[in-house]
Every structure is written in structure tokens, then in C-alpha cells.
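Shown next, in C-alpha cells, is the structure this report addresses.
Every chain is numbered from 1, with letters handed out A, B, ... down the list of sequences.
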Amino acid sequence: MSVLVYTESENGKFKKNAFEAASYAAEVAKQMGTTATAVSFNANENESLGNYGVSKVLNISNDKLTTFNAKAYASSIRQAVEKEGAKVIILSSSTDTKYLAPLLAGYLKAGYVPNVVAAPESTAPFTVKRTAFSNKGFAFSEISTEIKIVGVSNNSFGLHENKTTATVESFDAAVSDADFSTKSVEIDKVVGKATIADADIVVSAGRGMKGPENWGMIEELADVLGAATACSKPVSDLGWRPHGEHVGQTGKPVASNLYIAIGISGAIQHLAGVSSSKVKVVINSDPEAPFFKAADYGIVGDAFEVVPQLIEKLKEFKAQNA
Amino acid sequence: MKILVCISNVPDTTSKINFTDNDTKFDTAGVQFVINPNDEFGLTRAMWFKEKQSATVHIVTVGDATVEPTMRKALAIGADEAIRVNAVPTDGFFVAQQLANIVKEGAYDLVIAGRESIDYNGGMVPGIMASLLDMNFVNTCISLDVDGTSATALREIDGGKEKLATSLPLIIGGQKGLVEESDLRIPNMRGIMMARQKKLTVIEPVDAINATQDTKFTKPAAKGAVKLATSVDELINLLHNEAKVI
């Protein structure tokens, strides 16, 4: 009756959120007096999950599952759950896991709580703390079904090294044609750049940038910091930046370690989307911008003067601290 | 094509969030309720199918009688009929079971739900519904075209988009992008008048499990005042030595 964790990978390499989910699963297993077992798909270096307290890995090696498919992945994970007799399943909160988790919940008749930000308050009853009301509140949710599914919010629990030796087993989950009734045809993805979901640092800009032609310095600042770029809702509505960069209540949530908001006044819907970020920095020429009330640090100044200086100074800082 | 749009009745996006009854319930006092924004994109896309492909559009909401003004707004936007499942939506699994029953009974070809509601942010209802009904499902859907029984959808993924080929019957979890914000419709007077005459059926809930229960709510701790740096050097120093984030 181990705790099962789905560990996401891409091109065979585990994502950071896989190690965070594994860390969380190990903590839950410890609280429940059991062990953590991971399920991975076509992943290399499965043993590395042992660094985060996983004692067994079920690795599914199947060419049909190279590209994520929610139904086929959910079906495979369900088989792993049944094999292990797992009563608790841990996942991350990536876009893909939020796609497959509800399917898994339906198949297993399991209660699912996403956006969980801390280790369980208790395991009997099983109670977890999660964000609600678009980060304007927290709810303590009790899961009453026999099987429980927990989606850990990115960057909330963190990575916890807990060295264990992980044994790796091949797991042959059966998939049928019906599992692929929804098929991936084409993926259009930026390669080699941090995404909002994974990034430790997010650099975001708003209407204060005056036009899409001025985004070069935002991208340069993001490059220097190894950050993802994001934007406010009006900016994506105006078509200056793609919808996928829109951060806020109806856009993407950000739970980065550092969020830098440039030329964004801080509408309540935007703040709701970024409040899970640990440190928020605001650069705005208007000292009355509402974002200053929600920020940890700030500079009152013209973005067109401050940002180029910040890029140069950060390059010097990086060179000195390399 | 017969379309069902799932409408969630949620606090307006600018609502202040407070809790009552010893922090066990959301305080609805003074809160304006609206169509969940992700559902509104879906409803507008359904209107497009109605106008361009002669689809019939029904809406459904799980809730007590207090949700009916929101449902009437959806009817005023152009939906043909409404169904209210007469139950307080206590949990995503419970809601998904109620909606799955409506989908099954109504034999809908396409079910459009928002990817998540902006109140409890569960994001699970369309997916659970799909698994209970064994229907095709696309989440975070930002574009949808239907040709006969074939469907092509775009979904948002981390760092990009994915194009998917699937078929009806289909459930989608939709969001901004499904239609542009500028295409969202505001009910006009004629629509409001017509909505009063449209059929709103109330049905009793089916037996269903409550998989989760929110036992308590809290608000984020009050934040200290912002530290304003007077120079870029000072800001870098604060982020490196104090916040330790660079």
C-alpha cells in the first residue's frame, strides 16, 4: 500500500516538478508509515528519484507513449495504482497533469484535490491545504474516498533530498486503440526557454511597455536571469504577446520564486494570479500603482531607464558570481 | 449538433473574499455573481456553432434557485434552453456526476465546460465527467472546429500549443482563446426579454458521492510594506543578500 507518484518527464528527462512531487510523496509515505513508488514514462535515470525518497520506480517503456496523451497516461497510471494497491496518488500541477488527474479521479472514483501547497495537515482524515478563490484564500480539503489524489502546486513544497536506493522495474501497462481516440497532431512549443509553469523566475510586463516593439529588453532581462516571460491581460488582449503568456485569474497562475512585474499597475485579477510567487518585485513609474502594495521590493522609475540598467548590472553580477 | 454548455455561477472577478461561520463558509454578502469567465468563452463559441452550423445550445448549472439570474443571462446571450440541477455544488466530483447524468440523458454531441471555475479552482469537472461517460476530452482548449463528427482542437500546453484530432461526442475544458475577449457578448434588451420566455427546467439531483469536503478556509497572511530601492544596485543587493532569489 505504497504512495504512488506520477513523475513527469520530457525526452526521457525528469522535469523539476517530478522531483518536487516525489519529495511530497516521500513525506506523505513517511506520515503514513509506508513507502513511495514512482511511475514514469520512457524516462532515463529513474534511479535519480531515489534522491527524493522514492524507493521503487515502475518505468513504462512504450513508444506509443512518447508523446503525452491524457487518456492513455491516465489509463496506465490506473494500472500502476491497481498493481501497487496504492491509496494515495501524488501529481504535480502542470498543464498536462491537470489534464490527466481528473480522468484518473473518475476512473478510480477518487477524490482529487489540486493546487495543494503544504504537506498534509493529517492523513486520517486525509486533509490538505490548497489555494482557492484564485489565490485570494486557502481551503483545507478533506478527501473521503478510499483512493485519494493530490496535485501539488509548483514550487510550493520544494525539493527535499532524502536519499534512498530506488529499485527500477519495467512496468508493461496495457494501452488500447480506444485510449488514443484523441490524438496529438502537432506540437508548437518554444524549445530551450523556461516556461511560466517551470521557471524559478518570471519576468512580466504590462501596458507600460507602450508597444510590442519594446519587448526586446524584457526578453533580454529574462535571458540574463534564465527566466520565463509573461504579460498582463491587456497586453495579450491587444495581441502584443501570445495568450499563453497572460498571467492572472483567467490566465496562467505563477508560483515562481521571483516575479518581476514591469509596467503592470496590478489589477486585482492579475495579483490573484501571481500571489503564490514567493518574492515579487515591481518596477513602475507610478508610485501609487496598486502592485506596490502587494510587492516585496520595488523601484519607482521609468521602465525604459530602469530595465536597461538592470540588465547591465545583472550581467556584471552574474559574471562576478559565476 | 446538440451542444451542452456547463455554466458555473461564480463571484465576480473583483470580489473581495471573506469567510463566515467560523471560517467554514464563503461569505456571499455583497458579492455579485456572474457566469464563470472560462464558461463564458465556451458559451460564445457555442453561439458560433449555433449560428454557423445550426447547432442547438442548452446550458446547465448545478445550484439552488439563486443561480437562476446567471442562467437567464446565458439564455439572453442566446442559449436555447436551460437545465438547473437543484443541488448545492459541494464538490467537483459531485458536480461532475450530476452533469454526466444530464449529458447521458440528453445525448449531447459536444459538451463545453470551462477548464476551471474561478472560485474553487478545482479544474476537475470536465475531466471527471469525460471519464464517467467514456467520452473524448480536451482540456485547456483554446480553439475548436467541428466537421461532421470529426473535431480539431488546439490546447494550451506549458510553453506552447498542441493540435489534437478527435471526434464527437466530445467534452472540452475551454478557456480564453476559444474566442477572443472582444467577441464575448453582452445581452441586449431583446435577448433579455426573450430569455424570460425560454425553457428553464429544474431537475432533482441523482445519487452521487461527495469525494471531498472543505472544512475550513483562511486568507493569506497580511503582507509587510514594500521595500523601495533607490537604485538598481540596491535592488540587486536586496534580491541577492536578503531575499536570496538571485
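Residues B/Ile236 and A/Leu310 have side chains in contact (heavy-atom distance under 4.5 Å, counting atoms from C-beta outward). Counting heavy atoms from C-beta on, the side chains of A/Ser134 and B/Asn121 come closer than 4.5 Å. Within the 4.5 Å cutoff, no side-chain heavy atoms of B/Ile157 are placed close to those of A/Tyr99. A heavy-atom distance below 4.5 Å is found between the side chains of B/Val232 and A/Ile299. In this structure, B/Asn210 and A/Ser144 have side chains that are not in contact, with every pair of non-hydrogen atoms separated by 4.5 Å or more. Side-chain contact check for B/Phe137 versus A/Lys71: every heavy-atom pair is 4.5 Å or farther apart. At least one side-chain heavy atom of A/Phe292 sits under 4.5 Å from a side-chain heavy atom of B/Leu228. Here the side chains of B/Met124 and A/Pro114 are in contact, with some heavy-atom distance below 4.5 Å.
Counting heavy atoms of neighbouring residues, nucleotides and ligands inside a 6.0 Å radius, atom CG of A/Asn321 exceeds 12 of them.
Heavy-atom pairs under 4.5 Å with chain B peak, among A/Asn257, A/Val185, A/Thr195, A/Leu258, at A/Val185. Your options are B/Ile142, B/Ile209, B/Leu239, and the one with the most heavy-atom pairs under 4.5 Å with chain A is B/Leu239. Between chain B and the residues A/Thr145, A/Thr131, A/Ile187, the largest count of heavy-atom pairs under 4.5 Å involves A/Ile187. Among A/Ala272, A/Ala110, A/Ala101, A/Ala178, the residue with the largest count of heavy-atom pairs under 4.5 Å with chain B is A/Ala110. The most heavy-atom pairs under 4.5 Å with chain B, out of A/Ile268, A/Leu103, A/Asp96, come from A/Leu103. Per-residue heavy-atom pair counts under 4.5 Å with chain A were compared for B/His240, B/Glu116, B/Gln97, and the maximum is reached by B/His240. Of the listed residues B/Val125, B/Leu132, B/Asp134, B/Thr14, the one with more heavy-atom pairs under 4.5 angstrom with chain A than any other is B/Thr14. Per-residue heavy-atom pair counts under 4.5 Å with chain B were compared for A/Lys318, A/Glu312, A/Lys293, A/His246, and the maximum is reached by A/His246. In terms of non-hydrogen atom pairs under 4.5 Å with chain B, the most contact-rich of A/Ala139, A/Pro125, A/Ala197, A/Ala228 is A/Ala139. When B/Gly114, B/Ser231, B/Gly159 are compared by the number of non-hydrogen pairs under 4.5 Å with chain A, B/Gly159 comes out ahead. The residue among B/Thr140, B/Asp23, B/Val10, B/Leu238 with the most heavy atom pairs within less than 4.5 Å of chain A is B/Leu238. Of all the listed residues (B/Lys16, B/Glu156, B/Glu180, B/Gln175), the one sharing the greatest number of non-hydrogen pairs under 4.5 Å with chain A is B/Glu156.
Distance alone, capped at 3.5 Å, is enough to place a donor-acceptor pair between the B/Thr215 side chain and the A/Phe140 backbone. Looking at A/Thr182, its side chain never comes within 3.5 Å of a backbone N or O of B/Ala165 through a donor-acceptor pair. The main-chain N or O of B/Tyr120 is found under 3.5 Å from a side-chain atom of A/Arg130 such that the two form a donor-acceptor pair. Without hydrogens or angle criteria, A/Asp188 side chain to B/Lys161 main chain gives no donor-acceptor distance under 3.5 Å.
Side-chain atoms of A/Gln269 and B/Thr13 form a donor-acceptor pair, as typed in the model, at a separation below 3.5 Å. B/Lys176 and A/Ser236 are linked by a side-chain donor-acceptor pair at a separation below 3.5 angstrom, with hydrogens and angles left out of the test. Side-chain contact of B/Asn136 with A/Ser181: a donor-acceptor pair under 3.5 Å is present, judged by distance alone.
The nearest pair of heavy atoms linking B/Ala211 to A/Gly111 is CB-CA, 3.4 Å. The two residues B/Ser131 and A/Gly106 make their nearest non-hydrogen contact at OG-CA, 3.0 Å. Pairing each heavy atom of A/Pro102 with each of B/Gly127, the nearest pair is CB-CA, 3.7 Å.
Looking at B/Lys216, the atoms closer than 4.5 Å to chain A (heavy atoms on both sides) sit in the backbone and in the side chain alike.
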Tell me, with the steps shown, if B/Val226 and A/Asp296 meet side-chain contact (heavy atoms from CB on, under 4.5 Å). CA-CA 5 Å; B/Val226 61; A/Asp296 301 285; over 6 Å; no
Would you please test A/Lys189 and B/Glu162 for salt bridge (charged side-chain N to carboxylate O under 4.0 Å, His left out) and show each step? CA-CA 8 Å; A/Lys189 188 172 178 173; B/Glu162 181 181 31; over 6 Å; no
Check step by step if salt bridge (charged side-chain N to carboxylate O under 4.0 Å, His left out) holds for A/Lys136 and B/Asp119. CA-CA 9 Å; A/Lys136 289 185 268 187; B/Asp119 49 5; over 6 Å; no
Take B/Lys163 and A/Lys183, measure what side-chain contact (heavy atoms from CB on, under 4.5 Å) needs, and give me the verdict at the end. CA-CA 8 Å; B/Lys163 189 175 180 180; A/Lys183 269 190 199 147; over 6 Å; no
After noting the C-alpha distance and the side-chain angles of B/Phe19 and A/Phe133, does the key distance pass the ring pair (Phe, Tyr, Trp, His ring centres under 6.0 Å) rule? CA-CA 11 Å; B/Phe19 304 105; A/Phe133 298 98; 5.8 Å; yes
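Sequence neighbours left out, the pairs with a member in residues 225-245 of chain B that pass salt bridge (charged side-chain N to carboxylate O under 4.0 Å, His left out) are A/Lys313-B/Asp233, B/Lys227-B/Glu242.
Taking the charged nitrogens against the carboxylate oxygens, A/Lys98 and B/Asp158 have no contact shorter than 4.0 Å, which rules out a salt bridge. The pair A/Lys233-B/Glu181 counts as a salt bridge, with a side-chain nitrogen and a carboxylate oxygen less than 4.0 angstrom apart.
A/Leu100 contributes atom CG, which lies 10.0 Å from atom CG of B/Asn139 (distance to the nearest 0.5 angstrom). The distance from the CD1 atom of B/Ile246 to the CG atom of A/Leu314 is 5.5 Å, given to the nearest 0.5 Å.
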